[in-house]
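Every heavy atom of this structure was used, including side-chain atoms; hydrogens, water molecules and symmetry mates were not.
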Number of protein chains: 2
Amino acid sequence: MNLSTSEENYIKSIYHLQLVSNIVNTNSLAKELNTKAASVTDMLKKLKTKKLIQYERYYGFKLNDKGIQTALIIIRRHRLWEVFLVSKLGFDWDKVHIIAEDLEHVSSMELIKKLDTYLGRPKIDPHGDPIPDVNGRLPVIKQMNLFKLPLKKTGVVSSVGNQSPQMLEMLKHYGIGIGSQIKINKVFDFDKSIEIKLLKQPACIISEPVAKNIFVYDE
Amino acid sequence: MNLSTSEENYIKSIYHLQLVSNIVNTNSLAKELNTKAASVTDMLKKLKTKKLIQYERYYGFKLNDKGIQTALIIIRRHRLWEVFLVSKLGFDWDKVHIIAEDLEHVSSMELIKKLDTYLGRPKIDPHGDPIPDVNGRLPVIKQMNLFKLPLKKTGVVSSVGNQSPQMLEMLKHYGIGIGSQIKINKVFDFDKSIEIKLLKQPACIISEPVAKNIFVYDE
DNA sequence: TAAAATTTTTAGGTTTGTCTAAATTTATTT
DNA sequence: AAATAAATTTAGACAAACCTAAAAATTTTA
C-alpha cells in the first residue's frame, strides 16, 4: 500500500502510544503529533477506510495487524537510517532522530534491503532500540531497568527510554552511551538518586527520573 | 529558504531546461514534469513571489542567480546520493535515479556535508555528471563527444547525455559504463553508426543517436 | 494581413491535510 | 441524577498542488 508521509507519521505515533496504553485516544495522539484533535479525527477516518486501524467513535482506536506490520516497516527504515548516520557518517546519537524522520519516508524496498546488508544487519539502533527484521519481527532483547542491577555489578547500557534531545544531551554529558559499562555504587534512599561509575570516568550521581530511563544488559 | 518537494522539483527541471534553451516555456516544463500547463503557470507565480525566477507572462521564464544557486544545491544532494547508492550500497547505475529523486529532498545541511566527506568528496556522479561543491560551483570537466575522438585512439567514458532508463539499460548491455576505455574502429558514413571496441569485449556497432550521448576524456 | 493554430493564462473545481468554532457524546461532580 | 467538565466529532474554511475547460495572447499560415 502506498502511504503519504502524514499517514506514515500517524501510524508510527499510534504504534508507540499503543505499546503503553493498549487503546489510544484522540487527544494523546494529537499531542504526540503536535496537531489538533479535529485533524486526528479526520485522519482516523482515512486510516479506517484503509483498514489499518480499529476505530470506534468516541471510544478509541488502535492499529490492527496490518497497521502494526506497516508501523514496523516504517520503524525499521527509521532505525536503519539512524545506524547509518551514527556508524557511517559519524553523527552524535542525539542528532540523528530528526534526520531519520525524513529519511524513513523514502520507501524503496530495494534501498532498505541493501542498506541493511551494508550496515551488517544490525539488531539495535544507536539508542539501543531493536530494529524490526524484513518481516516486521522485533528481535527480543533482554534488558532490565538500571535500578534492578545489583549493587557493584557491572551492566552494559542497552537502551534509553526517553529519547528527547534534552535527555540525550544529558546522557552525553555524563558520558553514558549504548554499550557503556556501568556499575551502581550506592542508592540514596532520600530521593532514590544513585551514584554510578563508568569506565575511565569519576563516579557521579544521577536522579531517579534519569536512572529510570536507562536500561542495561546483565553482564 | 524552506522549499516544498514540489517547488524543488520545478526548480531542478527549470535548471536542466535552461541549460539548453536559455529561456524556458510553459509547455516544455509541463512535459518535463509530467504535469499540465495550467499547473506550471500556478507554480511560476509562486516561484516569482519567492524571487527565484524571472518570469514574464506569455513570454517565458528562467532561474535568476538565487534560483540557480538553489538548483545546484538540490543537484548536489541528488548526485551525492547517487554516488552513495552505487559505490556503497552496490546499486546498478541505471537504478539509482528514481531513489535519489526522493533522497534529494531531505534538506539537512549537516547530513549532506557528512555524506560528502564520507564518500570522499566525489567530483562526478555514477553517470559522469559533475557534482556542485558546497558553494554551488560546478567542477569543470573537460570531455568531448565520442564522435570527436580520433579513430583508433582510446578514450575514457566520462558521462552520458541521455539518462533515460532505456538508454542506461542499453549501455549496460553493451558493457559501457563511466570509466570504460573505448576506441573507435570505424565510422560508417551511410548512417553515421560507429564500430567501437571496449577492453575485454568483442567490437560492436552503435547507432548515431547512441554515440551522440556518450562523452569521453581524451587519454 | 486576416484566419487558423498554438501557447499560455485564468476561472473554477478537487484532494490532502490542516485549522477554528460549534455541536455531541462521555465522564465527573455535587 | 442533574449539572458541569472534558473529550471527541462535525461543520465549514483554508492553503498547496493539482486538474479541466474556456478565454486571452501569440505565432503561424494561407
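- In this structure, A/L47 atom CG and C/dT16 atom P are separated by 13 Å, rounded to whole Å.
- A heavy-atom distance below 4.0 Å to DNA chain C is reached by these residues of residues 14-43 of chain A, ordered by number: A/T35, A/K36, A/A38, A/S39, A/D42.
- B/E82 and B/K95 are not joined by a salt bridge, as no carboxylate oxygen comes within less than 4.0 angstrom of a charged side-chain nitrogen.
- For A/Y10 and C/dT18, the shortest distance from a side-chain N or O to OP1 or OP2 is below 4.0 Å.
- Under the rule for a side chain to side chain contact (heavy atoms under 4.5 Å, CB included), the partners of A/D42 that lie at least two apart in sequence or sit in another chain are A/K45.
- Rounding to whole angstrom units, CD of residue A/E56 and C1' of C/dT25 are separated by 14 Å.
- Between A/K12 and A/E101 a salt bridge is recorded (basic side-chain N to carboxylate O distance below 4.0 Å).
- Map B/L44 and A/S6 each onto its nearest nucleotide of DNA chain C; the residue landing nearer the 5' end is B/L44.
- A/F61 comes within 4.0 angstrom of no nucleic acid atom, judged by non-hydrogen atoms across all strands.
- When each of B/I23, B/L47, B/L17, B/L29 is paired with B/F61, the side chain to side chain contact (heavy atoms under 4.5 Å, CB included) condition holds for B/L29 and for no other.
- Applying salt bridge (Lys or Arg N to Asp or Glu O under 4.0 Å) to A/D116 and the options A/R77, A/R79, A/R76 leaves one that passes, A/R76.
- For B/Y59 and D/dT27, the OH to P distance is 10 Å, given to the nearest whole Å.
- Straight-line distance from the CZ atom of A/R57 to the P atom of C/dA23: 17 Å, rounded to whole Å.
- The OH atom of B/Y55 sits 13 Å away from the P atom of D/dA25 (whole-angstrom rounding).
- In this structure, OH of A/Y58 is placed 4 Å from C1' of C/dT24, rounded to the nearest angstrom.
- Between A/W93 and A/H127, the ring-plane angle classifies as parallel under the 30° and 60° cut-offs.
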